[in-house]
Protein chains: 2
Amino acid sequence: MAPRGRPRSFDRDLALSRAMEVFWAKGYEGAQLADLTEAMGINPPSFYAAFGSKEAAFREAVDLYIATVGSAPMRALDSATTLKAGIRAMLKGSIDVALSSQPGGCLLVLGVVNCLTENEAARECLKKARRTTLDLIRERLERGVRDGELPADTDAEVLAAFYNGILQAISFQARDGASRHDLESLIAPAMAAVPS
Amino acid sequence: MAPRGRPRSFDRDLALSRAMEVFWAKGYEGAQLADLTEAMGINPPSFYAAFGSKEAAFREAVDLYIATVGSAPMRALDSATTLKAGIRAMLKGSIDVALSSQPGGCLLVLGVVNCLTENEAARECLKKARRTTLDLIRERLERGVRDGELPADTDAEVLAAFYNGILQAISFQARDGASRHDLESLIAPAMAAVPS
DNA sequence: CTATTTTCGTAATTGTAACTACAGAAATAG
DNA sequence: CTATTTCTGTAGTTACAATTACGAAAATAG
């Protein structure tokens, strides 16, 4: 049973994916509706009918980003055989993500840094996602302590904040135009923080 | 010999200092002219007469920031007795700076991350300042190599990018609401990257 | 086919940001 | 005192962003 009225003339999922790319490249405030609708191949009324508002579209785009692009580094963290290999793989994966957009960097880190008070909700949305990233790293480190991969007195919270910081630095430097070589050279000094 | 016409009724240096604080707290695009003029205690025509444009005022504010607030961590880097103490002091100084504004973080790092194409010039202005920070760290590390504080095969460029990344992480996490304790706990893992 | 529902494209509307025109005020030069 | 210069405050102007009103179009239900 097809829906009642005139059918939508565009692919909503594809349009959302395009919107995600625009938000990723330009940030929430930098992405103007005209940029979004042009990339999506639709007009403003279709945008509002399908997504409700710019902010609602952003939230959907962030969810899509987390479900696709953003989760790869975190899966790499958990699926490696050792803790150190996991952290290395997470950083490597984050570099892959950071370089896969032009300009570079992670949407969750760079999408809303400074914003007008009216856009604080979008900032909070990303802040929550960053908190989740931090939790995932901390949980992996705690598992490392339990498994004896790390000394029993390791402060997982602190070390997680440190590696979260490295992820942020990767995004930031990618946005400033760093090359793959530049970014990969950050991994070795960062790995020195893991007790061996 | 006093100047010819009606004298300016406000202190230009003080007004610039106030503008710097607003740009620092809200970023270039987040700082609206109304925010600036209110903090400066003047009206828009006085602002334009004294500073020319929002962008020109931003450049002056950045120069003031570098000359005052921003240079403290870099002076700490050079004036410590040992290299490791210098890096530690730089990071500590950067935390002091990051926590001295509400919300936290460094103007040079956070002032313009995403921006409209029309504001790309402001972004470049900060990018150049960040490049200078990187150069200062690299030069100190190179001196460490010459003085035998670091192994001869140390890659100063790489290590400088790493510590520049730690500075960026400190600012990001301060902006996200990290406490002094949170930020200071990043120092120990970061210091592990210095060959001893 | 007709009525109904939903979408589409054009062209507003509304709100707000950076910036400025202009008339009056406050100083100096002669 | 008068002319000249420069600043100040009020009240715009201009441009542009997000959002929407509205009539035409494209589908289904009966």
Side-chain angles (χ1 to χ4, degrees), chain A residues 1-16 18-19 22-23 25-61 111-112 114-123 125, chain B residues 1-16 18-19 22-23 25-61 111-112 114-123 125:
Chain A
M1 48 194 176
R4 200 66 159 51
R6 176 174 175 172
R8 179 178 281 143
S9 65
F10 60 95
D11 181 334
R12 192 182 188 280
D13 291 339
L14 181 60
L16 180 59
R18 294 278 160 76
V22 175
F23 281 127
K26 306 196 169 195
Y28 178 69
E29 289 183 345
Q32 304 178 175
L33 220 65
D35 299 324
L36 293 165
T37 54
E38 186 187 4
M40 298 162 101
I42 62 180
N43 288 313
S46 299
F47 178 94
Y48 282 92
F51 299 101
S53 68
K54 182 179 171 183
E55 184 187 318
F58 181 69
R59 289 178 189 280
E60 282 201 56
V112 188
N114 290 303
C115 66
L116 304 172
T117 41
E118 63 201 272
N119 296 322
E120 203 59 44
R123 215 186 95 74
C125 165
Chain B
M1 48 193 175
R4 200 64 160 49
R6 175 174 177 173
R8 179 177 283 145
S9 64
F10 61 94
D11 180 334
R12 191 183 189 281
D13 290 340
L14 181 59
L16 179 60
R18 295 279 160 76
V22 174
F23 281 129
K26 306 196 168 196
Y28 178 68
E29 289 182 346
Q32 304 178 174
L33 218 64
D35 299 323
L36 293 165
T37 54
E38 186 187 4
M40 297 162 102
I42 61 178
N43 289 312
S46 298
F47 177 94
Y48 283 92
F51 300 101
S53 69
K54 181 178 171 182
E55 184 187 319
F58 181 69
R59 290 180 187 281
E60 282 200 57
V112 189
N114 291 302
C115 66
L116 303 171
T117 40
E118 64 202 272
N119 296 323
E120 203 59 43
R123 215 186 94 74
C125 166

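Note that this is a predicted model, so its numbers are computed, not measured. Quick note on labels: first sequence line is chain A, next is B, and so on, each numbered from 1.
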- Is any side-chain nitrogen or oxygen of B:Y48 closer than 4.0 Å to OP1 or OP2 of C:dC19? yes
- For B:E118 and C:dC19, give me the distance from atom CD to atom P, rounded to whole Å. 10 Å
- Is the closest side-chain donor-acceptor distance between A:N114 and B:E29 under 3.5 Å? no
- Query: Closer than 4.0 Å, any side-chain N/O of B:S46 to the OP1 or OP2 of D:dC7?
  - Reply: no
- Query: Given atom CG of A:D11 and atom P of C:dT7, what is their separation to the nearest angstrom?
  - Reply: 15 Å
- Message: Taking the minimum atom-to-atom distance to the side chain of A:P44, which one of D:dT20, D:dG9, C:dC8 wins?
- Response: D:dT20
- Item | Atom pair distance, as rounded to whole Å: CG in A:N119 and C1' in C:dG15 | 14 Å
- Query: Out of D:dA17, D:dT8, D:dT19, which nucleotide sits closest to the side chain of A:Q32?
  - Reply: D:dA17
- When rounded to whole Å, the CZ to P distance for the pair A:R12 and C:dT7 reads 11 Å
Show the distances under 3.5 angstrom between N or O atoms of the protein and N or O atoms of nucleotides 21-24 of chain C.
| residue | atom | partner | partner atom | Å |
| --- | --- | --- | --- | --- |
| C:dG24 | N2 | B:R6 | NH1 | 3.1 |

- Query: Starting at CZ of A:R4 and ending at P of D:dA26, how long is that distance when rounded to a whole Å?
  - Reply: 18 Å
- Interatomic distance where CD belongs to B:E55 and C1' belongs to C:dA17 [whole Å]: 16 Å
- State whether the side chain of A:D35 and the backbone N or O of A:Q32 hold a donor-acceptor pair below 3.5 Å, judged by distance alone. yes
- Message: Quick check on DNA chain D: between B:G41 and B:L116, whose nearest nucleotide comes earlier from the 5' end?
- Response: B:G41
- Rounded distance (nearest 0.5 Å) linking atom NZ of A:K26 with atom CG of A:L36: 9.0 Å
Anything under 3.5 Å between a donor and an acceptor, one on a side chain of residues 38-47 of chain A, the other on a protein residue two or more places apart or in another chain? List them.
none

- Message: Checking the side chain of B:D11 only, and the main-chain atoms of B:L14 only, is there a donor and an acceptor separated by less than 3.5 Å?
- Response: yes
- Using a heavy-atom cut-off of under 4.0 Å over every strand shown, decide if B:A57 touches base, sugar-phosphate, or nothing. nothing
- Message: Among C:dC19, C:dT5, D:dT10, which nucleotide has an atom closest to any side-chain atom of B:N43?
- Response: D:dT10
- Query: Which nucleotide, D:dA18, D:dA26, D:dT8, lies nearest any side-chain atom of A:L33?
  - Reply: D:dA18
- Item | B:R59 side-chain N/O to B:C125 backbone N/O, donor-acceptor pair under 3.5 Å | no
- Query: Between D:dT8 and B:S9, is there an OP1 or OP2 to side-chain N/O distance shorter than 4.0 Å?
  - Reply: yes
- Query: Can you check whether B:Y28's main-chain N or O pairs, donor with acceptor, with B:K54's side chain at less than 3.5 Å?
  - Reply: yes
- Task: Would you mind reading off the distance between A:E38 atom CD and D:dA18 atom P, rounded to a whole angstrom?
- Result: 14 Å
- Message: Under 4.0 Å, counting only non-hydrogen atoms across every strand here, what does A:A31 touch: a base, just sugar-phosphate, or nothing?
- Response: sugar-phosphate
- Could you please name the option among C:dA29, C:dT7, C:dA27 that lies closest to any side-chain atom of A:R8? C:dT7
- Message: What is the separation between atom CD1 on A:I42 and atom P on C:dT6, rounded to the nearest whole Å?
- Response: 19 Å
- Nearest to the side chain of A:K54 - C:dC8, D:dT19, D:dT8? D:dT19
- So A:R12 and A:E60, side chain to side chain contact (heavy atoms under 4.5 Å, CB included) or not? Walk me through it. CA-CA 11 Å; A:R12 192 182 188 280; A:E60 282 201 56; 2.8 Å; yes
